[in-house]
J.: 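Got a structure here, written out as structure tokens. Questions coming.
The figures that follow rest on heavy atoms only: side chains count, while hydrogens, waters and symmetry mates do not. Start at 1 with the first residue, then count along the sequence.
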Amino acid sequence: MKISTKGRYGLTIMIELAKNYGDGPTPLRKIATDKDLSEAYLEQLISPLRNAGLVKSVRGAYGGYLLAYPPAEISAADVIRVLEGPIQPVEGIEDEEAPQRELWSRIRDAVKNVLDTTTIEDLANHVERTEDGYMFYI
């Protein structure tokens, strides 16, 4: 399964909104500038997220976007499904032979499980760790 820039940048928007959760609306311009992304493209992505009820918009000079729910209540799967559609590694799985159908089903279920159990809060709070907790200098 390949996640396009729609899904990747959509998650970026949601993570940034989660980091600012409770601090008022965040303008897309700020996210675009901070992450070096196209503001016009982010505008295209925020619309389906708003229509799905995941974000709310606030108009005005101090406007922007807010998460519609606490970050712990929004999963990565919620975002990916809105922007990418159904989560499936292969199209036409029902036409496959039984062994392949079983494999594709197991892969789909594993990916769904990861996305369903990872919240936007988890992603916003992620801290980069070095392997085994050691820092190596050269």
Side-chain angles (χ1 to χ4, degrees):
M1 172 178 185
K2 187 172 182 177
I3 304 292
S4 73
T5 56
K6 289 190 326 186
R8 291 175 35 224
Y9 292 177
L11 281 173
T12 298
I13 292 169
M14 298 298 282
I15 291 166
E16 292 305 306
L17 295 180
K19 288 178 180 177
N20 297 317
Y21 187 73
D23 295 337
T26 302
L28 282 185
R29 181 179 300 113
K30 179 177 178 353
I31 296 171
T33 301
D34 291 352
K35 298 298 180 180
D36 195 28
L37 301 171
S38 163
E39 183 180 354
Y41 191 47
L42 297 186
E43 287 283 355
Q44 290 176 19
L45 300 178
I46 201 79
S47 182
L49 294 171
R50 189 181 68 246
N51 291 340
L54 296 177
V55 297
K56 295 188 272 189
S57 61
V58 177
R59 293 180 176 255
Y62 299 103
Y65 293 90
L66 305 159
L67 293 179
Y69 304 98
E73 295 179 18
I74 303 171
S75 72
D78 295 332
V79 178
I80 296 300
R81 283 186 183 109
V82 166
L83 296 173
E84 299 282 354
I87 298 165
Q88 54 188 41
V90 177
E91 302 244 350
I93 192 172
E94 60 280 347
D95 298 331
E96 295 280 344
E97 297 286 329
Q100 292 98 320
R101 191 170 50 246
E102 176 66 22
L103 174 64
W104 305 139
S105 294
R106 288 172 50 199
I107 291 170
R108 180 200 60 217
D109 294 346
V111 170
K112 280 175 139 177
N113 183 52
V114 170
L115 292 173
D116 283 334
T117 60
T118 303
T119 67
I120 298 302
E121 182 177 64
D122 296 333
L123 297 172
N125 292 334
H126 179 77
V127 177
E128 188 82 26
R129 288 182 236 152
T130 57
E131 191 172 316
D132 297 330
Y134 295 104
M135 179 64 80
F136 296 97
Y137 298 96
I138 299 176

J.: Could you report the tightest heavy-atom contact between Ser4 and Glu84, atom names first, then the distance?
T.: OG-OE2, 2.5 Å

J.: Strictly by side chain to side chain donor-acceptor pair (under 3.5 Å), give each pair with a member in residues 50-79 just once, sequence neighbours left out.
T.: Ser75-Asp78

J.: Scan residues 111-124 for pairs that pass side chain to side chain donor-acceptor pair (under 3.5 Å), counting only residues two or more places apart or in two chains.
T.: Arg81-Asp116, Thr119-Asp122

J.: According to side chain to side chain contact (heavy atoms under 4.5 Å, CB included), who are the partners of Leu66, at least two apart in sequence or on a separate chain?
T.: Pro25, Val58

J.: Search all heavy atoms of Gly10 against all heavy atoms of Leu45 and return the closest pair with its distance.
T.: N-CD1, 3.9 Å

J.: Considering non-hydrogen atoms only, spot the tightest contact between Pro27 and Gly63 and give its length.
T.: CG-O, 3.9 Å

J.: Using side-chain heavy atoms (C-beta onward) and a distance below 4.5 Å, is Leu115 in contact with Val79?
T.: no

J.: On a heavy-atom basis, which atom in Ala77 and which in Ile87 lie closest, and how many Å separate them?
T.: CB-CD1, 4.4 Å

J.: Drop me the distance from Ile13's CD1 to Leu54's CG, to the nearest 0.5 angstrom.
T.: 11.5 Å

J.: How long is the gap from CG on Asn20 to NZ on Lys30, to the nearest 0.5 Å?
T.: 6.0 Å

J.: According to a 4.5 Å side-chain heavy-atom criterion applied to Ile, Leu, Val, Met, Phe, Trp and Tyr, with indirect links allowed, do Met14 and Val114 form part of one hydrophobic cluster?
T.: no

J.: Does Ser47 reach the main-chain N or O of Glu43 with its side chain, forming a donor-acceptor pair under 3.5 Å?
T.: no

J.: CD1 of Ile74 to CD1 of Ile120: how many Å apart, nearest 0.5 Å?
T.: 6.5 Å

J.: Looking only at non-hydrogen atoms, find the nearest pair between Ala68 and Gly53 and report the distance.
T.: CB-O, 3.1 Å

J.: What's the separation between atom CG in Leu28 and atom CD in Glu39, rounded to the nearest 0.5 Å?
T.: 6.5 Å

J.: Does CZ in Arg101 sit with more than 12 non-hydrogen atoms of other residues, nucleotides or ligands closer than 6.0 Å?
T.: yes

J.: Would you check if the side chain of Glu16 reaches a backbone N or O of Ile31 as a donor-acceptor pair within less than 3.5 Å?
T.: no

J.: Would you compute the distance between atom CG of Leu83 and atom CD of Gln44 and round it to the nearest 0.5 angstrom?
T.: 11.5 Å

